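These notes concern the structure reproduced below.
Every chain is numbered from 1, with letters handed out A, B, ... down the list of sequences. Everything numeric here is computed off the predicted structure, so don't read it as measured data.
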Protein chains: 2
Amino acid sequence: MPTIKDVAKAAGCSTATVSRALANPEKVTEATRQRVARAIAEVGYAPNVAARNLRRAESRTIVTLLPDISNPFFSEIINGMEEVAHQAGYQVLIGDCERDPARAEAYFNLLPTNQADGIILLTSDIPRALVSHADARVDSPLVMACESFSDIDLPTVAIDNYQATAHAIDYLVSLGHERIASVSGPADNPICCDRTLGYRDTLAARGLSGSARVVEGDFGFRSGYQQGLALLEDTVARPSAIFCHSDEMAIGVLKAARQLGIGVPEALSVVGFDNIGFSEYCEPELTTVSQPRHEIGQQAMRMLLSILAGEGVVRRQILSTQLIVRKSTGRPAD
Amino acid sequence: MPTIKDVAKAAGCSTATVSRALANPEKVTEATRQRVARAIAEVGYAPNVAARNLRRAESRTIVTLLPDISNPFFSEIINGMEEVAHQAGYQVLIGDCERDPARAEAYFNLLPTNQADGIILLTSDIPRALVSHADARVDSPLVMACESFSDIDLPTVAIDNYQATAHAIDYLVSLGHERIASVSGPADNPICCDRTLGYRDTLAARGLSGSARVVEGDFGFRSGYQQGLALLEDTVARPSAIFCHSDEMAIGVLKAARQLGIGVPEALSVVGFDNIGFSEYCEPELTTVSQPRHEIGQQAMRMLLSILAGEGVVRRQILSTQLIVRKSTGRPAD
DNA sequence: CTGAAAGCGCTTACAG
DNA sequence: CTGAAAGCGCTTACAG
């Protein structure tokens, strides 16, 4: 591969000038710039990025940590992040943690070794030691998206899980439901805590505290199916509506209902969360809470790049959600 | 950050020795190795990877190019690739091309700039100029997985799309179906060509050529839904079975059938391709062709690492598929 | 505006 | 087995 030296020779100037023509064109005369451009094309030069990174002590790489790459919820967020990153000359490395602390640690280790400039966390399911001292340093290149830690205050872009849930539950109550169950994600997950609180508070405000019922899933199809079965087989206190912390779990509940011969929405209303592509193609089409995923990704990346640029950042951004009413909800069968 | 010099000072040896203790422990006495290890812990040293990469002229990064990150079909393949890569000290960068030639080119450009050591292609939808000269060079660090080019012969790990399709069609014929339509992926995609050939040949072998009918989709839900509608609204020659090149399209067909009041599998059989997670949770559960996705990812990565190591490689690996019969297929309603 | 030169943090052939 | 030294390909303060 030709190096910057070859270009310098071909252009009849020093390597310093070639470097400047590339990085700071305004520091070089127009004529020089053009000679360098021609020389680059002539020798077929492409800068060696490892050398540049070493010299500049940066990698232009952002890593995003997520709990499970196969969850389609994340893909649109990633697209948003990539859009902003590429435009700024950064690339994004996707780190699938799979609930394995060692994996998360390995990705965090890219920071001190200069392989990554910053990290966007789409999961809080990592060893807290990795982030525990980050909130003290204002300039830690760390941003949380969607998730949060209960006790560590990182720059965050997210939705208001409490409000979004309250809104969905209010909608079910307004339809006439009085027995509304909830299939939560992992109970120790802060966003699930917020949602469960929103759920409970709303029921309480409507005088329905007594019927609150929360079971725990893991966001996946299967757990929704299993918890749905458990909830619906309880014939004495069977809920007339089930609110789920993910679309996958809601679709699992739909399957459970079908299996038990319980019609949706006639005999059971189901609400999901996230509005994944699938939610429009299941039977019946799913009523769900939509998050602005693309925008979440964009804003999280913008926030991180601002931190890297040493600019002041708004440490907390709350984006709005939308309840998308489709066919899986209706009035209860009194 | 402490550098290798700091470690050398703390260990009372040269940087060369520290480097050796790290990279080739067998070239160093046990005592030295231990002194270095202690020194590393003491000063909190982590190697600067940009410097190492520059010196070694490698990046230990493999990029995988795919057409659409939101398609869950790819996630399990990626997991397989990461498993093998991490074990060998490589990381994998996921490149979402989104049918944008410029994106693909940008990712290919990581090769000459030393930011990536090799590429695994999960899509053939990229400018052919990027790969056209690769097949001549035996050691091009390029591997194809699942897909292929019609005229460029790259090292490949894939399934036998012709056979897998023939098997699925045979199954439908054996059930008694005589009007079997097919919803293909993009018609210019080589794997779709193979599948369509397998479809046509099998129908011909069974004396059913006359009823062959292929419509084109793009692998996504929506196109399956639309083509399903078109196929099923044709009341004079309505198919009794539809074979689809992806599960998403099959699920779209399911929705079209539901909308038209056509019962599956009583009045229509539907077969998908890929066995994505969703295929077990749609209504009815989908009969589909399963690919060994994890293994495809593993083998593709192994193949690429062999090429990078300068080892001889089997240039073509065909893994076996499996027809998973669930609830969306049955005998036709004569 | 341009160039000579130092240096980023490693690795490795060479010599001992 | 170990060290001194060169060099990977850039960038940038310094001088002119």
Side-chain angles (χ1 to χ4, degrees), chain A residues 1-40 43-61 89 109-117, chain B residues 1-40 43-61 89 91 109-117 308:
Chain A
M1 283 301 301
T3 72
I4 200 171
K5 271 191 189 170
D6 302 309
V7 179
K9 197 180 301 173
C13 67
S14 72
T15 59
T17 299
V18 175
S19 179
R20 285 191 202 101
L22 248 28
N24 310 90
E26 74 282 3
K27 290 190 174 175
V28 128
T29 60
E30 176 62 15
T32 312
R33 216 184 48 59
Q34 288 188 9
R35 246 180 323 123
V36 169
R38 261 197 306 277
I40 286 175
V43 305
Y45 170 72
N48 179 316
V49 177
R52 173 181 291 171
N53 289 346
L54 171 59
R55 188 49 231 243
R56 291 191 181 159
E58 66 178 15
S59 65
R60 294 253 145 191
T61 297
N109 207 34
L110 298 178
L111 240 29
T113 56
N114 257 295
Q115 293 173 92
D117 295 340
Chain B
M1 283 301 301
T3 71
I4 200 171
K5 272 191 191 170
D6 302 310
V7 179
K9 196 179 303 173
C13 65
S14 72
T15 60
T17 298
V18 175
S19 180
R20 285 191 201 101
L22 248 27
N24 310 89
E26 74 281 4
K27 290 190 177 177
V28 126
T29 60
E30 175 62 15
T32 312
R33 216 185 47 59
Q34 288 190 8
R35 244 180 324 124
V36 169
R38 260 196 306 278
I40 286 175
V43 305
Y45 171 71
N48 179 318
V49 176
R52 172 182 291 171
N53 289 348
L54 171 59
R55 188 50 230 244
R56 291 191 183 159
E58 66 177 18
S59 65
R60 294 256 145 188
T61 296
Q91 64 185 197
N109 207 34
L110 298 179
L111 240 29
T113 56
N114 257 294
Q115 293 172 94
D117 295 339
L308 291 176

Inset, instruction - In whole angstrom, give me the gap between the C1' atoms of C/dG16 and C/dT12. - result: 16 Å
Non-hydrogen atoms of [X] and [Y] that approach each other most closely:
X	Y	result
A/M1	A/D6	O-OD2, 4.4 Å
B/L308	B/D117	CD2-O, 3.3 Å
A/V18	A/C13	CG2-SG, 3.8 Å
A/A8	A/T15	CB-N, 3.7 Å
B/L54	A/A51	CD1-CB, 3.7 Å
B/A39	B/V7	CB-O, 3.7 Å

Inset, instruction - Under 4.0 Å from any heavy atom of chain B: name the first and the last nucleotide of DNA chain C that qualifies, 5' to 3'. - result: C/dG9 to C/dA13
Inter-residue atom distance [X].[atom1] - [Y].[atom2], 0.5 Å rounding:
X	Y	atom1	atom2	answer
B/Q91	A/Q115	CD	CD	5.5 Å
B/N114	B/N53	CG	CG	8.0 Å
A/R33	A/R38	CZ	CZ	10.5 Å
A/K9	A/I4	NZ	CD1	13.5 Å

Inset, instruction - Return the residues of residues 8-17 of chain B meeting this criterion: a heavy atom under 4.0 Å from some atom of DNA chain D. Order them by number, or give none. - result: B/C13, B/S14, B/A16, B/T17
Inset, instruction - Return the residues of residues 19-33 of chain A meeting this criterion: a heavy atom under 4.0 Å from some atom of DNA chain D. Order them by number, or give none. - result: A/S19, A/R20
Using residues 22-29 of chain A as the side-chain source, report each donor-acceptor pair under 3.5 Å to any protein atom, sequence neighbours left out, with the distance given to one decimal.
unit_1: A/T29; atom_1: OG1; unit_2: A/T32; atom_2: N; d: 3.2
unit_1: A/T29; atom_1: OG1; unit_2: A/T32; atom_2: OG1; d: 2.5

Inset, instruction - Determine which bases of DNA chain C form Watson-Crick or G-U wobble pairs with both distances under 3.5 Å, and write the result as a 5' to 3' dot-bracket string with | for other-strand partners. - result: |||.||||||||.|||
Inset, instruction - Could you pull out all residues at least two apart from B/A37 that satisfy side chain to side chain contact (heavy atoms under 4.5 Å, CB included)? - result: none
